[in-house]
Amino acid sequence: MSMTRAEVKITVAKLIEASYSKDKGLTTKIMAEKGSFKLTVDQSGTATLSGNAGVLTFSGTPTLEKIGIKVKRISISFENKGEMNIGYSATVNLAVISLTVNGDFDLEELITSCSGLLCSAARALKGRNRAYEAELESIMGR
Amino acid sequence: MRSITLFLVLFLSACAVKMNNGPLYSSYYRYEQSVSVDNIHKLQFDFFSSNLIKNLNINEPEITEQLLFKKYMFKQKSHFEKINEKVGCLSINGFDNENMPISFNIKYIAENEHWLIEEIGVLFVNSIADFTDSAKCPSEYQN
């Protein structure tokens with residue numbers, strides 16, 4: 001199978017983390033404001049997080065490389081419903097098919113997941129870390 | 001006598017179900033029954049539009065995998081279709097091999113008197129309550 005339900009959800013989490021690594025303050029500002037915001041990644045790997053509080057551009061390439069399949073585009077619509085609860089709808093456009101998944105997550109839980117030294121190392125690995133991905137999957141909702 | 005009656009009722013019901021399938025589902029059914037990793041190269045033009053498969057390198061395993069998208073759905077529950085002249089959309093609700101709900105929303109175009117797949121949307125549904133009860137095109141719910 002190309003890309004599973006879990007892999008799409010984990011990709012959403014990893015893109016948010018990449019945004020957070022680029023600029024903690026602006027990422028949090030955009031995501032913590034009540035209302036809608038969006039995250040897109042184009043074919044070249046350029047990612048953009050945009051909302052009422054601002055716009056942040058960062059590289060989605062490391063995340064795309066870990067997927068291991070050619071991605072044409074990723075588009076995620078978020079809705080901050082209040083009290084750190086965020087709903088999302090993500091579409092990943094591959095060469096032939098598109099995959100869409102919806103879910104909810106707690107923003108604080110995602111940001112504080114795996115923040116220790118060991119997990120920083122896990123994130124830095126070029127390959128995939130199963131325990132880390134399992135944690136992300138459970139945060140991003142079933 | 002009773003078993004003959006039962007047999008006739010079941011036979012006629014099965015025929016009715018088959019006859020109620022529209023042209024898009026019939027085309028999907030043929031795709032689902034026919035294609036495999038061994039013959040997808042040969043049969044791609046029978047099921048996918050020229051627009052979809054042009055510029056694809058079908059020798060790449062990831063492309064073959066995506067053309068065999070039927071594998072995402074292990075069991076079907078319901079399907080709906082709508083057609084507007086030479087364009088149509090088919091929605092199929094079902095379950096994956098972990099019994100999680102999943103839907104296909106497929107856009108078809110009429111090409112050379114065949115209904116061919118132009119666009120494929122796989123929707124990882126959260127619950128059965130979210131299944132569509134009418135045909136949806138991929139663009140109607142994608143971001």
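Convention: sequence-line order gives letters A, B, ...; per-chain numbering from 1. Bear in mind the structure is a predicted one, so any value in this text is a computation, not a measurement. All values below come from the heavy atoms of this structure, side chains included, with hydrogens, waters and symmetry mates left out.
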Considering only heavy atoms, which portion of B/Leu56 lies under 4.5 Å from any heavy atom of chain A: side chain, backbone, both, or neither?
-> side chain
B/Asn57, CG: over 12 other non-hydrogen atoms inside 6.0 angstrom | yes
Which atoms of B/Asp96 come close to chain A, meaning under 4.5 Å heavy atom to heavy atom: side chain ones, backbone ones, both, or neither?
-> side chain
Specify the closest pair of heavy atoms between A/Gly103 and B/Asn126, including all atoms of both residues, with the distance to one decimal.
-> N-ND2, 4.4 Å
Kindly give the heavy-atom pair with the smallest separation between B/Leu52 and A/Val96, and that separation in Å.
-> CD1-O, 4.1 Å
In terms of side-chain geometry, is the basic nitrogen of B/Glu98 or A/Arg5 positioned less than 4.0 Å from the acidic oxygen of its partner?
-> no
With a cut-off of 6.0 Å (strictly less than), are more than 12 heavy atoms of other residues, nucleotides or ligands near NZ of A/Lys38?
-> yes
Residues joined to B/Phe74 in its hydrophobic cluster, side chain to side chain under 4.5 Å directly or through other members, sorted by chain and number, are none
Closest approach of A/Ile69 to B/Gln66 (non-hydrogen atoms, all atoms of both residues) = CG2-NE2, 3.9 Å
Given B/Tyr72 and A/Ile97, is the side-chain contact (heavy atoms from CB on, under 4.5 Å) satisfied, shown in steps?
-> CA-CA 12 Å; B/Tyr72 274 104; A/Ile97 64 176; 3.8 Å; yes
How about B/Gln33: does its CD atom have over 12 heavy atoms from other parts shown lying under 6.0 Å from it?
-> yes
Side chain from CB out, backbone as N, CA, C, O: work out which of these in B/Glu119 comes under 4.5 Å of a heavy atom of chain A, or both, or neither.
-> neither
Minimum heavy-atom separation for B/Phe124 to A/Thr4, with atom names?
-> CZ-C, 3.9 Å
Step through the shown structure and confirm whether more than 12 heavy atoms of other residues, nucleotides or ligands are within 6.0 Å of NZ on A/Lys81.
-> yes
Connected via hydrophobic side-chain network under 4.5 Å: B/Tyr25 and B/Tyr31 = yes
So does A/Glu108 have more than 12 non-hydrogen atoms from other groups sitting under 6.0 Å from CD?
-> no
Hey, any chance B/Leu68 and B/Met73 share a hydrophobic cluster, counting ILVMFWY side chains that come within less than 4.5 Å of each other, even indirectly?
-> yes
What's the spacing between A/Thr100 OG1 and B/Asn105 CG if we round to 0.5 Å?
-> 8.5 Å
Would you check if the side chain of B/Glu62 reaches a backbone N or O of A/Lys70 as a donor-acceptor pair within less than 3.5 Å?
-> yes
Option in B/Ile102, B/Ile120, B/Ile53 with maximal non-hydrogen atom pairs under 4.5 Å from chain A | B/Ile120
same_hphob_cluster(B/Leu123, B/Ile128) at 4.5 Å side-chain heavy-atom cutoff | yes
Rounded to the nearest 0.5 angstrom, the CZ-CG distance for B/Phe69 and A/Leu99 is 11.5 Å
